[in-house]
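Beneath this line is the structure, given in structure tokens, with notes to follow.
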Amino acid sequence: QLAESGGGSVHPGDSLRLSCAASGGTFNTSAMGWFRQFPGKKREFVAAITWSSRTTDYADSVKGRFTISRNNAKNTVYLQMNNLKSEDTAVYYCVSRLGDYSDSDLDYPYWGQGTQVTVSS
């Protein structure tokens with residue numbers, strides 16, 4: 001089970017940190033990721049991280065602004081979002097899968113309920 005928190009409404013240029021708490025016992029062997037969904041659009045890959053944190057991957061649209069990290073002792077993955085833009089407004093989902101990470105939503109069987117991020121002036 002995955003539970004996101006940390007969403008909210010901010011202004012362009014602000015920062016937010018999303019958190020995702022995992023339960024179920026397989027966190028330390030699972031790749032974790034974040035996707036987002038715009039109204040009326042398909043879900044879009046944002047970032048992913050391997051179980052060891054050795055490898056991370058980002059969508060081009062967020063590279064240099066977003067950072068994914070994890071704390072295996074706390075069963076938590078984070079998404080630090082800096083210099084937010086209006087086009088980052090979306091529902092953000094935490095995802096999990098055993099094994100290696102992927103940038104395809106079809107490869108993730110476990111999803112959180114989502115948290116809304118709104119960036120507006």
Within the 4.5 Å heavy-atom criterion, are [X] and [Y] side-chain neighbours or not?
{"X": "Asp88", "Y": "Arg65", "answer": "yes"}
{"X": "Ser96", "Y": "Met32", "answer": "yes"}
{"X": "Cys20", "Y": "Trp34", "answer": "yes"}
{"X": "Val117", "Y": "Met81", "answer": "yes"}
{"X": "Thr89", "Y": "Phe38", "answer": "no"}

Self-check item: Side-chain ion pair, Asp60 and Lys63, N-O less than 4.0 Å
Solution: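 Looking at Asp60 and Lys63, the cut-off is met.
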Going from [atom1] on [X] to [atom2] on [Y], what distance comes out if it is rounded to the nearest 0.5 angstrom?
{"X": "Ile49", "Y": "Ser30", "atom1": "CD1", "atom2": "OG", "result": "12.5 Å"}
{"X": "Glu87", "Y": "Arg36", "atom1": "CD", "atom2": "CZ", "result": "8.0 Å"}
{"X": "Ser9", "Y": "Leu84", "atom1": "OG", "atom2": "CG", "result": "11.5 Å"}
{"X": "Asn72", "Y": "Ser53", "atom1": "CG", "atom2": "OG", "result": "6.0 Å"}

Under 3.5 Å: donor-acceptor pair, side chain of [X], backbone of [Y]:
{"X": "Thr76", "Y": "Lys74", "answer": "yes"}
{"X": "Tyr101", "Y": "Trp51", "answer": "no"}
{"X": "Tyr108", "Y": "Ser102", "answer": "yes"}
{"X": "Arg70", "Y": "Thr50", "answer": "yes"}

Quiz item: Which residue pairs satisfy the side chain to side chain donor-acceptor pair (under 3.5 Å) criterion with at least one member in residues 110-121, sequence neighbours excluded?
Solution: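 Every pair satisfying side chain to side chain donor-acceptor pair (under 3.5 Å) with a residue in residues 110-121: Glu4-Gln113, Gln116-Thr118.
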Practice problem: Using the side chain to side chain donor-acceptor pair (under 3.5 Å) rule, take Ser15 and Asn82 through it: C-alpha gap first, then chi angles, then the decisive distance, then the call. | Solution: CA-CA 4 Å; Ser15 298; Asn82 297 330; 2.9 Å; yes
Are [X] and [Y] connected, step by step, through hydrophobic side chains (Ile, Leu, Val, Met, Phe, Trp, Tyr) whose heavy atoms are closer than 4.5 Å?
{"X": "Ile68", "Y": "Tyr93", "value": "no"}
{"X": "Val46", "Y": "Tyr78", "value": "no"}
{"X": "Leu18", "Y": "Val10", "value": "yes"}

Quiz item: Taking atom CD of Gln1 as the centre, does the number of heavy atoms from other residues, nucleotides or ligands within less than 6.0 Å exceed 12?
Solution: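 Not buried by this count: 12 neighbours or fewer within 6.0 Å.
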Exercise. Give every residue pair that meets the salt bridge (Lys or Arg N to Asp or Glu O under 4.0 Å) criterion with at least one member in residues 95-121, sequence neighbours excluded.
Key: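 For residues 95-121: Arg43-Asp105.
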Quiz item: Do Phe35 and Phe45 have their ring centres less than 6.0 Å from each other?
Solution: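 Aromatic pair counts; centres sit under 6.0 Å.
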Quiz item: How far apart are the closest heavy atoms of Cys94 and Val77, and which atoms are they?
Solution: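 Result for this residue pair: SG-CG1, 3.8 Å.
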